[in-house]
Amino acid sequence: MRRAALLTYVIVGGGPTGVEMAGAIVELVYQNLVGEFRRFDTRQARVLLIEAGPRILPTFAPDLSAYAHRPWSAWAWRCSSGPP
């Protein structure tokens, strides 16, 4: 339980900075930490991007916002937008 909590990263805000930060954390967790720790299992790590609005990158065109959302849907990360 403690390991799961320590391997959960939550980024609040789906604007440009939040999306960039989330992407950097995903890269760090899934590419860099694997080689640094013998017993690190990437399946235990979670990166959550939370946006209160209806979509991430709300200041961008809807098609760009959808394009940025695609990797979150396809991979093991989670992106949540809209009211809870």
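Note that these values count all heavy atoms, side chains included, but never hydrogens, waters or copies made by symmetry. These figures come from a predicted structure and were not determined experimentally.
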Undergrad: For Tyr67, check side chain to side chain contact (heavy atoms under 4.5 Å, CB included) against everything at least two apart and list the hits.
TA: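 Partners of Tyr67 under the side chain to side chain contact (heavy atoms under 4.5 Å, CB included) test: Arg70.
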Undergrad: How close do Val29 and Ala45 get, counting heavy atoms only, and between which atoms?
TA: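 Heavy atoms of Val29 and Ala45 come nearest at CG1-CB, 3.4 Å.
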Undergrad: Kindly give the heavy-atom pair with the smallest separation between Thr42 and Phe40, and that separation in Å.
TA: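 Shortest heavy-atom separation between Thr42 and Phe40 comes out as CG2-CE2, 3.7 Å.
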Undergrad: Grab the two heavy atoms, one from Leu57 and one from Ser65, that are nearest each other, plus how far apart they are.
TA: O-CB, 4.0 Å
Undergrad: Got a donor-acceptor contact below 3.5 angstrom from the Thr8 side chain to the Ala4 backbone?
TA: yes
Undergrad: Show your reasoning for whether side chain to side chain contact (heavy atoms under 4.5 Å, CB included) applies to Ile11 and Val47.
TA: CA-CA 8 Å; Ile11 297 91; Val47 178; 4.0 Å; yes
Undergrad: Tell me whether Val26 shares a hydrophobic cluster with Phe37, the cluster being built from Ile, Leu, Val, Met, Phe, Trp, Tyr side chains joined at under 4.5 Å.
TA: yes
Undergrad: When you look at CD of Gln44, are more than 12 heavy atoms from neighbouring residues, nucleotides or ligands closer to it than 6.0 Å?
TA: yes
Undergrad: Which pairs with one or both residues in residues 30-42 pass salt bridge (Lys or Arg N to Asp or Glu O under 4.0 Å), sequence neighbours excluded?
TA: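 Listed once each, the pairs are Asp41-Arg43.
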Undergrad: Looking at CG of Leu28 and OH of Tyr9, how far apart are the two atoms once the value is rounded to the nearest 0.5 Å?
TA: 6.5 Å
Undergrad: Can you name the residues that form a side chain to side chain contact (heavy atoms under 4.5 Å, CB included) with Pro62, not counting sequence neighbours?
TA: Arg55
Undergrad: Look up atom CG in Asn32 and atom CD1 in Ile25, then write down how far apart they are to the nearest 0.5 Å.
TA: 12.5 Å
Undergrad: Which heavy atom of Glu51 sits nearest a heavy atom of Ile56, and at what distance?
TA: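 Scanning both residues, the minimum pair turns out to be CB-CG2, 4.2 Å.
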Undergrad: Gly14 and Pro58: which non-hydrogen atoms are nearest, and at how many Å?
TA: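 Between these two residues, the closest heavy atoms are O-CD, 3.9 Å.
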